[in-house]
J.: 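Here it is, the structure, as structure tokens.
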Amino acid sequence: MHPTQPDDLTVRLIEADEPADVVYAGAACLAGLLGGFGWVRSRHSLERRASVRREVLRLEKSKWNRSGRLIEFTVASLTVFDEDLGAWRRANPELTVRRPESVESIVCASSFLDMPGQHFVVLTRPEERRTRLEQFAAHLRDTALPWFASTADPEQIARTAPDALLTAWGFAQDLIEFLVSTGHHLQAQALWDRVQEHQPAHRHAFVAGRTMAGTRERPRWHTPEALGWSASVLDLL
């Protein structure tokens with residue numbers, strides 16, 4: 001993390017000329033405007049931690065950035081990690097499908113580009129930079145922060161998780177595992193019921209996944225078969 005006083009950040013933001021310097025100062029300012037987030041330069045992300053939970057806004061610089069012509073960055077994706085969930089998966093490999101180690105603790109993720117509204121902020125003109133960041137921060141408070149909140153409370157996830165996370169190739173399985181790992185088995189069952197209601201076209205794949213569980217096969221992560229497999233091995237049926 002790179003903590004800096006807000007006044008110093010504003011000065012850096014306005015006086016910076018090189019696109020990378022403008023973007024990094026802008027990202028740090030944006031983190032301060034959102035509250036609770038820090039700018040992690042090594043990962044090009046804004047991150048907020050609450051106990052074992054980590055919420056991540058990943059940023060991307062435009063390849064077209066040029067001093068005096070265009071300087072902008074985009075919020076590319078939103079991701080939630082939970083350290084306890086990662087520990088649960090490592091301790092219970094028979095209850096989870098294999099994932100890349102980098103996402104062993106993942107709860108859910110989404111492309112920000114799939115959400116409505118503006119996905120980038122333009123910081124080309126120094127005198128407009130602070131105002132544009134304030135406007136973009138307001139947009140993120142209306143879009144990104146509610147998205148993070150939708151999976152923050154295990155007691156409410158079965159009701160509040162966005163439909164886009166519950167597709168057959170989405171993060172329903174990850175959310176179900178998160179609920180089971182936190183002892184919210186009834187919520188996990190309710191979320192599984194909601195998935196079946198929203199994905200009737202994949203019922204045969206869910207059945208195939210349950211069959212795989214019976215023969216001790218493991219499906220691929222992010223497949224409809226994996227959802228049926230998890231419903232079986234996690235005793236949600």
Side-chain angles (χ1 to χ4, degrees), residues 1-50 53-83 100-103 105-152 162 164-165 170-171 174 222:
M1 301 288 185
H2 298 271
T4 312
Q5 292 298 320
D7 288 347
D8 294 339
L9 273 177
T10 300
V11 171
R12 281 174 48 202
L13 177 68
I14 294 172
E15 294 184 350
D17 181 60
E18 289 299 315
D21 294 337
V22 175
V23 168
Y24 295 151
C29 278
L30 184 59
L33 289 168
L34 290 175
F37 282 83
W39 163 234
V40 184
R41 181 168 173 171
S42 62
R43 291 194 285 266
H44 283 201
S45 62
L46 306 184
E47 302 189 8
R48 179 169 66 179
R49 288 183 177 269
R53 180 180 171 94
R54 179 164 60 96
E55 300 171 344
V56 179
L57 289 155
R58 186 173 62 84
L59 309 184
E60 289 183 354
K61 297 180 292 183
S62 171
K63 66 179 181 179
W64 306 110
N65 281 351
R66 299 290 187 276
S67 295
R69 295 186 180 181
L70 175 69
I71 303 176
E72 68 177 25
F73 66 81
T74 298
V75 173
S77 63
L78 315 175
T79 310
V80 177
F81 297 95
D82 186 281
E83 294 171 9
E101 188 175 343
S102 61
V103 290
S105 299
I106 198 164
V107 177
C108 58
S110 175
S111 167
F112 188 62
L113 304 181
D114 293 335
M115 295 187 177
Q118 185 174 338
H119 309 118
F120 61 90
V121 58
V122 177
L123 303 175
T124 311
R125 298 172 65 89
E127 69 275 13
E128 296 178 352
R129 289 170 184 167
R130 180 72 185 190
T131 298
R132 287 182 175 269
L133 282 171
E134 289 172 348
Q135 293 169 344
F136 194 49
H139 174 55
L140 292 175
R141 283 193 291 270
D142 289 340
T143 52
L145 299 196
W147 185 90
F148 285 127
S150 69
T151 61
L165 290 178
F171 285 86
D174 304 85
H222 281 194

J.: Provide the closest heavy-atom pair for Leu13 versus Cys29 in the form atom of the first, atom of the second, distance.
T.: CD2-SG, 4.1 Å
J.: Atom OG1 of Thr10 and atom CD of Glu15: how far apart are they, to the nearest 0.5 Å?
T.: 11.0 Å
J.: Out of curiosity, Gln118 CD to Leu140 CG, how far, rounded to the nearest 0.5 Å?
T.: 9.5 Å
J.: If you define the side chain from C-beta out and look only at heavy atoms, does anything of Leu33 sit under 4.5 Å from Arg130?
T.: yes
J.: For Leu123 versus Arg129, what's the shortest heavy-atom pair and its separation?
T.: O-NE, 2.6 Å
J.: Angle between ring planes, Phe136 versus Phe73, binned at 30° and 60°: parallel, tilted or perpendicular?
T.: perpendicular
J.: Restricting to non-hydrogen atoms, name the atom on Pro162 and the atom on Ser150 that form the minimum distance, rounded to 0.1 Å.
T.: CD-OG, 3.3 Å
J.: Would you check if Glu18 and Ser67 make a side-chain contact, meaning some heavy-atom pair closer than 4.5 Å?
T.: yes
J.: Could you give the distance from CD1 (Ile106) to CZ (Arg54), rounded to the nearest 0.5 Å?
T.: 10.0 Å
J.: With a 4.5 Å limit on heavy-atom distance, are the side chains of Thr74 and Phe112 in contact?
T.: no
J.: For Trp64, does its backbone N or O pair with a side-chain atom of Ser62 as donor and acceptor, under 3.5 Å?
T.: yes
J.: Over all heavy atoms of both residues, which pair between Pro146 and Arg141 is shortest? Give the atoms and the distance, please.
T.: CD-O, 3.1 Å
J.: Which heavy atom in Glu55 sits nearest to a heavy atom in Phe37, and how many Å separate them?
T.: O-CE2, 4.0 Å
J.: Could you measure the distance from the CZ atom of Arg132 to the CZ atom of Phe120? Nearest 0.5 Å is fine.
T.: 9.0 Å
J.: Using atom types as modelled and distance alone, determine if a side-chain donor or acceptor of His139 lies under 3.5 Å from a backbone N or O of Gly117.
T.: no
J.: Answer whether the closest heavy-atom distance between the side chains of Cys108 and Asp174 falls below 4.5 Å.
T.: no
J.: Would you call Leu30 and Leu57 a side-chain contact if the rule is heavy atoms closer than 4.5 Å?
T.: no
J.: Any salt bridge between Glu83 and Arg49, counting N to O under 4.0 Å?
T.: yes
J.: For a quick test of reading the model, state the closest non-hydrogen atom pair linking Phe148 to Thr79 and the distance between them.
T.: CE2-O, 3.6 Å
J.: Does the side chain of Met115 reach to within under 4.5 Å of the side chain of Leu78, using non-hydrogen atoms?
T.: yes
